[in-house]
Every structure is written in C-alpha cells, then in structure tokens.
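Report on the structure given below.
We name chains A, B, ... by the order of the sequence lines, and we start the count at 1 in each one. Given the structure is predicted, the values throughout are model-derived calculations rather than measurements.
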Number of protein chains: 2
Amino acid sequence: MSPSKIRFSELVGEQTRAEIFATVLTAGPISRTQLAQRLGLVPSSVTRMLPPLLEHGYLREADATAPQGRGRPQKMLHVNPDKHIVVGMKIGPAQVSGVVTDMAANVLARDEEPIADCTPRTALSAAAALTGRLLSKAPEAADRVLGLGVGVSGHVDSAAGVCRYSALLDWNKVDVAGPLQEATGLPVVVNNDVNTLVVAERWFGEGRDVDSFAVVTVGPGIGCGLLLNGSLFSGATGLAGELGHVPLDPAGPMCSCGRRGCLEALAGDRAVLRHLQDGGFACASIGEAITLARSGTDAARNVALAAFTEAGTALGRGLAGMCNLLNLQKIILAGEGAVAHDLFGPALTQALEAHAFSTAARDCRIHVDPVQHDLWARGAACLVIRDTVGATLS
Amino acid sequence: MSPSKIRFSELVGEQTRAEIFATVLTAGPISRTQLAQRLGLVPSSVTRMLPPLLEHGYLREADATAPQGRGRPQKMLHVNPDKHIVVGMKIGPAQVSGVVTDMAANVLARDEEPIADCTPRTALSAAAALTGRLLSKAPEAADRVLGLGVGVSGHVDSAAGVCRYSALLDWNKVDVAGPLQEATGLPVVVNNDVNTLVVAERWFGEGRDVDSFAVVTVGPGIGCGLLLNGSLFSGATGLAGELGHVPLDPAGPMCSCGRRGCLEALAGDRAVLRHLQDGGFACASIGEAITLARSGTDAARNVALAAFTEAGTALGRGLAGMCNLLNLQKIILAGEGAVAHDLFGPALTQALEAHAFSTAARDCRIHVDPVQHDLWARGAACLVIRDTVGATLS
DNA sequence: CTCTTTTTCTTGCGTCAAGAAAGAAAACTT
DNA sequence: AAGTTTTCTTTCTTGACGCAAGAAAAAGAG
C-alpha cells in the first residue's frame with residue numbers, strides 16, 4: 001500500500017470559507033498569507049476560497065496605501081461592512097428589542113417595542129413590526145438584508161426554529177421562525193438568548209482568544225451559555241447551561257423552581273431582595289438595592305453589602321463547580337446584574353478561588369462585560385452572520 | 001457563480017476509516033450497505049475505504065452462510081479479533097494491573113503486579129515487567145502487538161504522554177510514555193484513568209447508544225470522565241471532570257483538598273466512614289461499612305444505612321448539577337463504590353430527580369456498571385485500539 | 001535607470017475524498 | 001430458464017487542497 005498523504009487541515013469547503021470569514025472578522029484586516037498561516041492552509045488555498053466571499057461582498061480588499069517594506073504589497077482583506085445588513089432581536093417578557101448591524105456586527109440602528117403580554121401572537125407580531133421599523137432606519141446603502149436573528153429565553157430547538165418551552169415567557173412549542181419568516185420575508189435564525197451572547201463574545205468580544213468559556217448572565221435568573229472546544233455547546237437536547245439550578249446548599253432558601261438551594265435562589269435578584277427584607281431594608285427592585293448599597297445610610301449599606309456579598313459567594317461557588325467540571329479558560333459575566341459587580345465581585349472572586357480545585361481552574365479568568373444595552377440583540381445578529389457565511393456560500 | 005454542492009458528510013479520509021471501524025466494532029457484524037446508511041455515506045465510499053482496513057487485518061469478512069432472503073448476499077464485516085492484540089494497564093497506588101485484549105477489547109489474559117511504593121521509577125518498571133508477563137500469556141496466534149495503553153489517575157497530557165500531576169500517586173511531571181516505550185518497544189498511549197473508562201464505555205459498554213454521557217467513579221475519591229457530543233471532553237488543559245470537588249454544601253465537612261462541602265467530602269468513602277464513626281460504629285474500611293449496612297445489628301444497620309443514604313443524596317445532588325449544566329443523556333456509575341449501589345442508589349435517584357431541572361435532565365438515565373475487575377485496564381486497551389485505527393492507517 | 005532581491009499572490013497540476021450512476025454478482029421467485 | 005431484488009463494485013465527475021513554479025509589485029543595489 002502506498003503511503004497516503006496526510007491532510008493537515010481538517011476543514012472542508014464551506015467550512016473553510018466560514019473559517020476564513022471568521023478569521024478576517026476577528027483578526028482585523030489581514031493578508032492572504034497571514035490567513036493561510038492562521039488556518040494551517042497553503043496560501044493558494046486561501047486564494048482559491050476567496051472569490052465567492054468577495055463576489056458576495058462579504059469581504060473586500062482594502063485600498064492599501066500604507067508602505068509595507070520590500071516585496072509585493074499585501075492586499076489586506078477586511079469585512080465589507082456596507083453591503084449587507086442583519087437584524088438581531090431579543091424577545092423578552094415585557095418588550096422586544098432589536099438592532100440592525102452591519103456584517104461586522106456594528107450596531108447601525110436600535111429600537112424596541114413594548115408588548116402588553118407575551119403570548120406568542122403578541123410577541124411575534126411585535127417582532128415583525130419592529131423588524132420593519134428597524135429596517136426603515138437602516139442606511140439604504142445596504143444592498144440586501146441577510147436575515148433576522150432572534151434570541152429567546154428558554155429551551156430552543158434552533159434547527160427547527162422552535163421554542164420548545166420557556167418559563168419566562170410561558171411558551172410551549174412555539175414556532176418562532178415560521179411566522180417571522182412569513183411576516184418579514186427574511187431568513188430567520190432562532191436560538192437561546194444566552195447562546196446568542198456566546199456567539200457574540202466568541203466573534204467580537206472576550207471569547208475571541210479562548211476556546212472554552214462560559215457566558216453567565218446575572219439578573220432575576222442566572223443563565224449560562226457554553227462554548228466548549230471552540231463550538232457552542234447545547235447538550236444532547238439543547239438544554240445545557242442550566243447553571244441557575246445547580247444545587248449548592250441543602251439548607252438554602254427555596255427556589256422559584258421548587259427546589260432548595262439552587263444557585264439562582266442564592267444569587268439571583270430575589271435572593272438579594274430577600275436578604276435586604278430580612279435585614280429590615282426592603283427594596284422593590286434590584287436597582288434600588290444597588291443604590292442602597294452604594295449610597296444608603298451606614299446601616300442600610302451594611303445590610304445591602306452583606307446581601308450582595310452573600311450572592312457573590314454563592315455565585316463564586318457555583319462558578320467554581322462549573323470550572324472544576326469543565327476546565328474553562330474564561331467566564332464572562334453579563335446580564336443586568338453585572339452592573340453590581342463592584343458589590344458582589346470581591347466575594348465572588350474569593351469564593352471562586354477558594355473552591356476552584358486545580359491550578360487550571362484557578363487560572364480561569366473572570367471578565368465582567370461592561371453593560372451593553374444591545375448586547376443580546378447584537379448577539380442575535382451574529383447568529384445570522386454566522387449562519388449566512390457558514391452555509392449560504394453558493 | 002455556480003451553486004456549489006454541499007458535502008453531506010463531515011468526515012474526511014482517515015477519520016472516515018476510523019468511523020467505519022468504530023461502527024463495525026460497536027454495531028456488530030454489519031454489511032457495507034448498512035455501514036453506509038449509518039455513516040451517511042454512499043455504499044461506494046464504504047467499499048473504497050475498506051481495503052486498507054481489510055489488508056491490515058483490522059476487519060474481516062464473515063464466512064456468511066446464513067440465508068438472507070433474495071438479492072445478492074451481504075458480506076458481513078466484523079472485527080478481526082485474532083490478528084492483533086493490545087495491552088491495557090492501570091497504574092494504581094498499590095499495584096499495576098493489566099490485561100491483554102484482542103481488537104474487540106475482549107480480555108485474553110490478565111495479571112497484576114503489586115508495588116511497594118508508587119514512585120514513578122517503581123511503578124513504571126513494574127508496568128514494563130507486567131507487560132512482558134502479559135504478552136507471554138497471550139496466544140501466540142497474534143501477529144502483532146499494537147501497543148500499550150496506560151491509565152493514570154490525575155492530570156494527564158495524553159499528547160505528550162506525560163502525567164502532569166497526580167495527587168493519588170504523588171507524581172509531578174512524570175513522563176510515562178517515554179520510559180515504557182523504551183522498555184517495551186511498543187507504542188504507548190497514556191490518558192487519565194477515568195477517560196479510559198469513558199472510551200471503553202463508548203465503544204463496548206453503556207455509552208454506545210448515546211452521544212453525551214459521564215462516567216462517574218465512586219470510591220475513596222469521586223472521579224468523572226465526560227463524553228460530550230460524541231467525543232471525549234478534556235477541557236482546555238485536560239483537567240475537566242473534577243466532579244469530586246464541586247462545592248455542594250457551605251456547611252459541609254472539610255474535604256481532603258482543604259475546602260468545605262465538596263462532593264467528595266460528602267459522598268466519598270471517608271464521608272461514609274466518618275458518619276459511621278459519629279454514630280458509634282467506626283469501621284476501618286468501606287467494605288466493612290457495606291457489610292455492616294447489609295448484615296449488622298439493627299442499630300448498626302440503621303446508622304450505616306443513614307450514612308450511605310446521606311452519601312447517595314449528596315451524589316445525587318452533584319450529578320443533578322452536572323446534568324443541569326451539561327444536559328447529559330446518561331450517567332454511568334463505576335468504581336469500587338458502585339458495589340454499594342443498593343445502599344445509596346435510592347437516595348441518589350431521589351436527590352437526582354429532585355434537583356434535575358428540566359425534563360431532559362430528568363430523562364438522564366443512570367446506569368450502574370456491574371463490577372468489572374478489568375474495566376480500567378480494558379479501557380486503557382481501548383485507547384490503543386482507538387488511536388491505532390484512527391491514526392495509523394497507511 | 002536598469003537589474004536584483006524579496007515578499008506576496010496566482011496558476012497549473014496531481015491526489016484524494018466522496019457522490020452519482022450504471023453495471024455485475026448472487027440469490028430468490030415465477 | 002427468465003425475471004426480480006438486493007448488494008456490492010466500477011467508473012466518472014466534482015471539489016478541496018498541497019505542491020511547485022511563475023507572475024506581480026515594491027525596495028534596494030549597482
């Protein structure tokens with residue numbers, strides 16, 4: 001038998017093109033040669049893969065005027081931001097908020113639509129209406145709208161475009177992609193809302209340089225999206241990431257899910273509020289609690305700080321468990337609750353370091369995402385970009 | 001631009017061959033057509049990939065005598081057990097135990113070598129000696145010894161063949177593959193011991209039909225190996241699976257790692273023994289505790305059962321957390337402690353069901369592996385088979 | 001000002017994977 | 001004996017990609 005050649009790259013076709021696009025996206029303007037090096041390809045392969053990307057207008061060659069030393073000048077490639085736009089959207093219980101972005105996920109316009117109730121009917125027609133409004137705000141330079149990405153909390157079957165179940169929205173087997181596709185005429189991509197954040201962080205944020213990280217959202221609930229070995233991890237049936245209901249304390253308070261001592265019951269907004277109430281400083285909202293902790297009377301501040309500290313400790317223990325199990329390189333804290341990071345952060349870090357088992361788990365970096373109002377919707381837009389470039393190259 | 005075809009299969013070359021071998025291995029005697037269907041290939045591709053596998057003697061065509069209805073008779077393919085043999089080995093603190101298996105991982109011979117201490121020097125020379133003894137026991141029909149698989153507890157860098165750190169053996173950056181390769185002249189594959197179990201279960205055991213499962217070993221410590229999306233998950237630096245040190249109870253007992261309330265401190269052997277001692281029925285070993293729980297006096301049995309129940313509850317809570325996070329389809333309980341399943345099982349199941357969040361997590365099946373003495377070593381042998389067929393096809 | 005050097009990109013060729021389609025083998029049915 | 005049915009094989013084509021040689025374009029040397 002003749003010794004067969006080994007194929008160094010494990011990429012094939014479409015996938016290679018998607019990789020090229022992603023690399024151009026994340027590694028800024030980049031030359032063909034550099035691309036080849038990064039992807040473990042020979043330069044000619046890069047050249048060969050490019051025409052479709054350039055013809056579609058996904059990528060563009062820079063005008064290249066800077067002096068580059070001797071040799072043939074590099075033609076830098078970068079994402080062509082003007083040609084295509086994308087709509088991203090998050091369906092929440094009280095409103096639908098969305099953005100229009102270009103192909104580099106820069107936000108071009110934003111808008112939102114409050115909804116009276118969150119029945120599928122109301123929410124989806126609001127989403128369709130919002131899409132129209134957003135597109136009318138977008139620059140007309142755009143040649144073509146690539147699609148609509150939607151983030152929904154709960155259990156989403158993204159292949160089918162269906163929300164199987166959402167506790168927050170009280171949805172049960174709701175077809176999201178179908179109606180929206182019908183109403184807007186756009187390709188629709190649906191996924192879990194936290195997963196949209198994972199994609200956004202992976203492509204444009206803190207996840208660019210690591211291959212396994214978690215995005216943990218802190219707020220009324222605790223959400224978690226995972227990127228393992230470089231790809232989104234959804235579990236066997238798309239339900240992975242229920243960090244909020246990891247049991248942490250057999251003697252803990254009751255959780256909304258009916259069990260005792262879930263992380264969410266120890267570190268969610270309600271836990272903080274309960275703690276404050278017990279201390280005699282009841283607050284109506286978590287925002288109020290944060291204000292109290294930052295600028296209340298001394299007595300109130302102590303109670304509030306203790307409440308956040310306790311939440312931070314619980315969160316740190318939960319994250320430590322996850323790190324021990326998954327050996328993550330980074331944890332990105334996001335969600336509304338991240339603004340209170342100054343209050344719960346120290347306790348979190350301490351608990352995490354105390355319970356992180358091995359050196360590697362201790363090396364797991366924590367990153368707090370600056371509060372970005374559009375982050376969710378932007379993530380949803382990323383879904384479309386990913387799907388488009390990963391699949392639609394004709 | 002012409003519409004490009006989509007490549008349905010994501011397999012390429014070597015990988016396809018490895019898939020074919022694995023499918024033949026796990027799906028018994030199977031025809032080319034069936035193989036093609038399973039792997040999403042067209043029959044001709046299967047035919048094309050086979051010659052190297054057949055020539056190497058990894059696979060063989062059955063003599064096919066059974067009547068098969070009309071049509072050209074299928075030529076069933078099966079693993080050729082006789083041609084190659086493999087050595088698998090587990091290095092433990094008190095002995096090295098190993099097996100010789102055929103290519104279907106059937107155990108042909110077993111042996112073990114006690115070691116006085118577990119310094120790398122002692123352990124590795126014992127392993128080399130044991131390899132020699134095992135091979136002399138093996139049938140000489142074997143054409144060729146494919147390699148030596150070694151399972152070591154702790155943090156293993158399998159690519160380098162090095163044990164980075166093992167608490168159990170008190171090893172630090174010990175080169176395992178090098179010396180053994182030198183001493184035995186065989187290709188050596190090293191991995192974490194629990195990971196060898198994962199591979200074994202995936203190929204020959206309870207993991208055959210699921211794509212994401214965990215193997216959890218119960219004993220002095222709690223170990224865990226993960227198979228996610230069909231492939232072994234080792235985390236960013238090979239440290240994933242530290243289930244034993246997931247924090248579960250802030251008020252729990254101290255763990256050997258110095259933290260409080262780790263799963264291992266709540267459900268490991270020592271937890272059971274401590275509970276018994278507190279109840280006034282001190283035992284020297286876990287075996288004694290099991291005997292006590294099964295056939296002691298009523299008072300002793302109550303205490304012992306309570307101890308196991310508590311451990312089972314803690315384990316159930318830990319597993320529930322893992323399920324919630326990873327949406328596993330199955331959890332396989334193994335290790336020495338699995339024999340006590342009748343004692344802690346009910347509590348485990350109850351706690352798991354109580355804390356498993358979503359329907360999918362609740363659907364996660366628990367399987368208790370019947371105590372198999374060679375399971376670890378057999379798993380190590382599987383490593384070699386996997387690596388060989390996955391990589392060495394020339 | 002021309003020639004060389006250097007770096008980058010492109011073109012042509014060979015190989016391998018894998019689908020498509022048609023043909024060959026081997027059994028059963030009529 | 002001829003047809004039917006299922007399985008396996010052969011041949012052809014497309015596409016990905018490495019390899020190697022060549023073309024492009026700029027800086028530096030003589």
For this session: Mind calculating the distance between CG (A/Leu54) and C1' (C/dC9) to the nearest angstrom?
Result: 13 Å
For this session: Five pairs at each end of the helix from C/dC1-D/dG30 to C/dT30-D/dA1: take the axis at both ends and give me the angle between them to 10°.
Result: 30°
Output a table of donor-acceptor pairs, distance under 3.5 Å, between side-chain atoms of residues 194-210 of chain B and any protein atom two or more places apart or on a different chain; print 'none' if there are none.
{"unit_1": "B/Asn195", "atom_1": "ND2", "unit_2": "B/Asn191", "atom_2": "OD1", "d": "3.3"}
{"unit_1": "B/Thr196", "atom_1": "OG1", "unit_2": "B/Asp193", "atom_2": "O", "d": "2.5"}
{"unit_1": "B/Glu201", "atom_1": "OE1", "unit_2": "B/Glu206", "atom_2": "N", "d": "2.9"}
{"unit_1": "B/Arg202", "atom_1": "NH1", "unit_2": "B/Gly207", "atom_2": "O", "d": "3.1"}
{"unit_1": "B/Arg202", "atom_1": "NH1", "unit_2": "B/Val210", "atom_2": "O", "d": "2.5"}
{"unit_1": "B/Arg202", "atom_1": "NH2", "unit_2": "B/Asp211", "atom_2": "OD1", "d": "3.2"}
{"unit_1": "B/Glu206", "atom_1": "OE1", "unit_2": "B/Lys330", "atom_2": "NZ", "d": "2.8"}
{"unit_1": "B/Arg208", "atom_1": "NE", "unit_2": "B/Gly205", "atom_2": "O", "d": "3.2"}

Problem set entry | Separation of D/dT7 P from B/Arg48 CZ (nearest whole Å) | 19 Å
For this session: Figure out the CG/C1' separation between A/Leu59 and C/dC9, and round it to whole Å.
Result: 16 Å
Seminar exercise, completed: Whole-Å distance, B/Lys75 NZ to C/dA27 P, equals 11 Å
For this session: Let me know, please, whether A/Gly71 or A/Ser31 comes out on the 5' side of the other along DNA chain C by nearest nucleotide.
Result: A/Gly71
Exercise. Between D/dT9 atom P and B/Met49 atom CE, what is the distance in whole Å?
Worked result: 15 Å
For this session: Check the distance between D/dT7's C1' and B/Arg38's CZ and give it to me in whole angstrom.
Result: 18 Å
For this session: Check every strand shown and say whether A/Thr33 touches a base, only sugar-phosphate, or nothing at a heavy-atom separation below 4.0 Å.
Result: sugar-phosphate
For this session: Give a yes/no answer on whether the side chain of B/Arg32 brings an N or O atom under 4.0 Å of OP1 or OP2 in D/dT9.
Result: yes
Problem set entry | Separation of D/dA25 P from A/Arg72 CZ (nearest whole Å) | 6 Å
Exercise. Within the side chain of B/Ser45, is there an N or O that forms a donor-acceptor pair under 3.5 Å with the backbone of B/Leu41?
Worked result: no
For this session: Measure from CG on B/Leu50 to C1' on C/dA18 and round the result to the nearest Å.
Result: 14 Å
Exercise. Is any side-chain N or O of B/Thr47 closer than 4.0 Å to OP1 or OP2 of D/dT9?
Worked result: yes
Problem set entry | Donor-acceptor contact present, side-chain A/Ser31 to main-chain A/Gln34, <3.5 Å | yes
Seminar exercise, completed: Result for side-chain contact (heavy atoms from CB on, under 4.5 Å) between A/Ile20 and one of A/Leu77, A/Leu25, A/Ile30, A/Leu35 points to A/Leu35
Exercise. For the side chain of B/Ser44 and the base of C/dA20, is some donor closer than 3.5 Å to an acceptor across the two?
Worked result: yes
For this session: Return yes when atom CZ of A/Arg60 has more than 12 non-hydrogen atoms of other residues, nucleotides or ligands closer than 6.0 Å, and no otherwise.
Result: yes
Exercise. In terms of the nearest nucleotide of DNA chain D, which residue is placed more toward the 5' end: A/Pro73 or A/Ser45?
Worked result: A/Ser45
For this session: Measure up the A/Tyr58 and A/His84 rings against each other and bin them: parallel (under 30°), tilted (30 to 60°), perpendicular (over 60°).
Result: tilted
For this session: With sequence neighbours left out, write down each residue that passes salt bridge (Lys or Arg N to Asp or Glu O under 4.0 Å) with B/Glu61, or none if nothing qualifies.
Result: B/Arg32
